[in-house]
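All remarks here apply to the structure that follows.
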There are 2 protein chains.
Amino acid sequence: MSQILRQQIEKIVQITDTEFEYILSHFTNKKIKKHQFVIQEGQLVENDFFILSGCLKSYSTDANGKDHIIQFGMQDWWITDYQAYYSQTIATVNIDCIEETELLCLTFQNREKLCAEMHKIEHFFRKKTNKRNVALQNRILSLLSSNAKERYDKLLEQYPQLFQKVPKQLIASYLGVTRETLSRFNSTKK
Amino acid sequence: MSQILRQQIEKIVQITDTEFEYILSHFTNKKIKKHQFVIQEGQLVENDFFILSGCLKSYSTDANGKDHIIQFGMQDWWITDYQAYYSQTIATVNIDCIEETELLCLTFQNREKLCAEMHKIEHFFRKKTNKRNVALQNRILSLLSSNAKERYDKLLEQYPQLFQKVPKQLIASYLGVTRETLSRFNSTKK
DNA sequence: ACTTTGATGTGAGGTATGTCACATTATTTT
DNA sequence: AAAATAATGTGACATACCTCACATCAAAGT
């Protein structure tokens, strides 16, 4: 199962069996049931999570009690409260499971240790973060330049797997619209 | 002037005079006048730009010919079309100068060379990108959870310097509202 | 200094999306 | 299988924001 991580790393840098064993020894395993929290607002964020299987969401609750989805997580993706993780402070977001999920957990200390010890790994994480940057920027652009329907269509096209796992009201929250508006896209065929 | 770059690097990793000289030798200098382009849609993106002085904007033009500001750039910030830069493809955005600007230019090849040769520099760029990630994510959250007025107030609070250099219509574009809506915030005092 | 160009303000009316309420249909849980 | 819970659809109405039009004011180029 943890081979998924190795595959992801090896898309960017080549590593030996021994090196992978060593890297993996810095992770811990966690299995989490549906509806359970991985990170809760106010808690210290110790880990970044690599998703072996399952599905999660990270979201922030605003002043009016409304949730806004920051990110979904599925197999092969990483998820945490990055703001809190990188600065080792308390979470401002919640992360919970949409379905039963298996994670590899990497503490900040272990991440920095690996990066310091193995230049290759620092390279891997840099490249990974670069990609994340581009994705985030595209989402901003989508929010700035497209209406709700266009954003919906684009997301459906880009991540069809997501729509099998995630209820539409969460998709709506991710896109920044109400579930009602999103629902009406099915009838209105413009 | 290029000491600004050194200061930024040394906030994250310590380097010697010789090391800095070496790093700097991988940059080229560029001076650009107001209204001139640094990157144009369709061109190959060779450089990432470190801003020594001045002010720039990067923006994307949508299907209806409307511009959307992706990022501003001021002293001490980096700017480029990251999607095109990281994948060494052609630009989908434009970057031009809001006022006369002085840049340090780093080609992708030189960036990768420095990162490969100096672990410290790879570390620096990783940390830098991490921060950028957090900023981008906060902007997404702001677009999802705040109305135009709230976004405006937050930006004004966070980057007051920006409002001295940049016309309000560009601020509007960055926030994802029309200049008219933004203008009305001055009269309406809610 | 004058002229052009760009930035800002403001009114009137339009539209996409939000809100609330309730019905219907799936999905879990017992 | 029944009961409870969550997800979805849809109507009526509200509203934040957009569009277009024109006036004013500031800045830049000659």
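Residue numbering restarts at 1 for every chain, and letters A, B, ... go by the order of the sequence lines. Because the structure is a prediction, the values reported are computed rather than measured. Because only heavy atoms are used, hydrogens play no part in the values below, and waters and symmetry mates are left out as well, while side chains stay in.
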So does [X] reach the base of [N] with its side chain, donor to acceptor, closer than 3.5 Å?
| X | N | value |
| --- | --- | --- |
| Glu180(B) | dC17(D) | no |
| Arg184(A) | dT19(C) | yes |
| Arg179(A) | dG18(C) | no |

* Asked: Less than 4.5 Å apart, any side-chain heavy atom of Arg111(A) and any of Phe27(A)?
  -> no

Between [atom2] on [N] and [atom1] on [X], what's the gap in Å once rounded to a whole number?
| X | N | atom1 | atom2 | answer |
| --- | --- | --- | --- | --- |
| Ile98(A) | dT28(C) | CD1 | P | 13 Å |
| Glu99(B) | dA27(D) | CD | P | 14 Å |
| Lys168(B) | dT10(C) | NZ | C1' | 14 Å |
| Gln169(A) | dA26(C) | CD | P | 16 Å |
| Ile171(B) | dG6(C) | CD1 | C1' | 16 Å |
| Glu150(B) | dT15(D) | CD | P | 17 Å |
| Gln164(A) | dT27(C) | CD | P | 13 Å |
| Leu143(B) | dA16(D) | CG | P | 18 Å |

* **Closest listed nucleotide, where the reference is the side chain of Ser183(A) and the choices are dT17(C), dC17(D), dT10(D)** =>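 So the side chain of Ser183(A) is nearest to dT10(D).
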
* Spatial distance of atom CG (Asp48(B)) from atom OG1 (Thr107(B)) [nearest 0.5 Å] -> 10.0 Å

* Asked: Which heavy atom in Ile69(B) sits nearest to a heavy atom in Tyr59(B), and how many Å separate them?
  -> CA-CB, 4.0 Å

* Phosphate contact (dT19(C) OP1 or OP2) by Lys66(A) side-chain N/O below 4.0 Å ->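 For Lys66(A), the contact criterion (side-chain N or O under 4.0 Å from OP1 or OP2 of dT19(C)) is met.
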
* If only side-chain N and O atoms of Asn186(A) are considered, is one of them under 4.0 Å from the OP1 or OP2 phosphate oxygen of dG9(D)? ->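 Checking dG9(D) against Asn186(A), a side-chain N or O does come within under 4.0 Å of OP1 or OP2.
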
* To do: Please name the residue in the list Gln7(B), Arg6(B), Gln8(B) that meets the side-chain hydrogen bond (donor to acceptor under 3.5 Å, both in side chains) test with Glu10(B).
  => Arg6(B)

* To do: Anything under 30° is parallel, anything over 60° is perpendicular, the rest tilted; go ahead and classify Tyr85(A) against Phe108(A).
  =>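 Perpendicular, since the angle between the ring planes exceeds 60°.
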
* Which sits closer to the 5' end of DNA chain D, Lys34(B) or Thr178(B), going by the nucleotide each is nearest to? ->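 The residue whose closest nucleotide sits nearer the 5' end is Thr178(B).
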
* Structure fact -> Comparing His35(B) with Ser146(A), nearest DNA chain C nucleotide closer to 5' gives the residue His35(B)

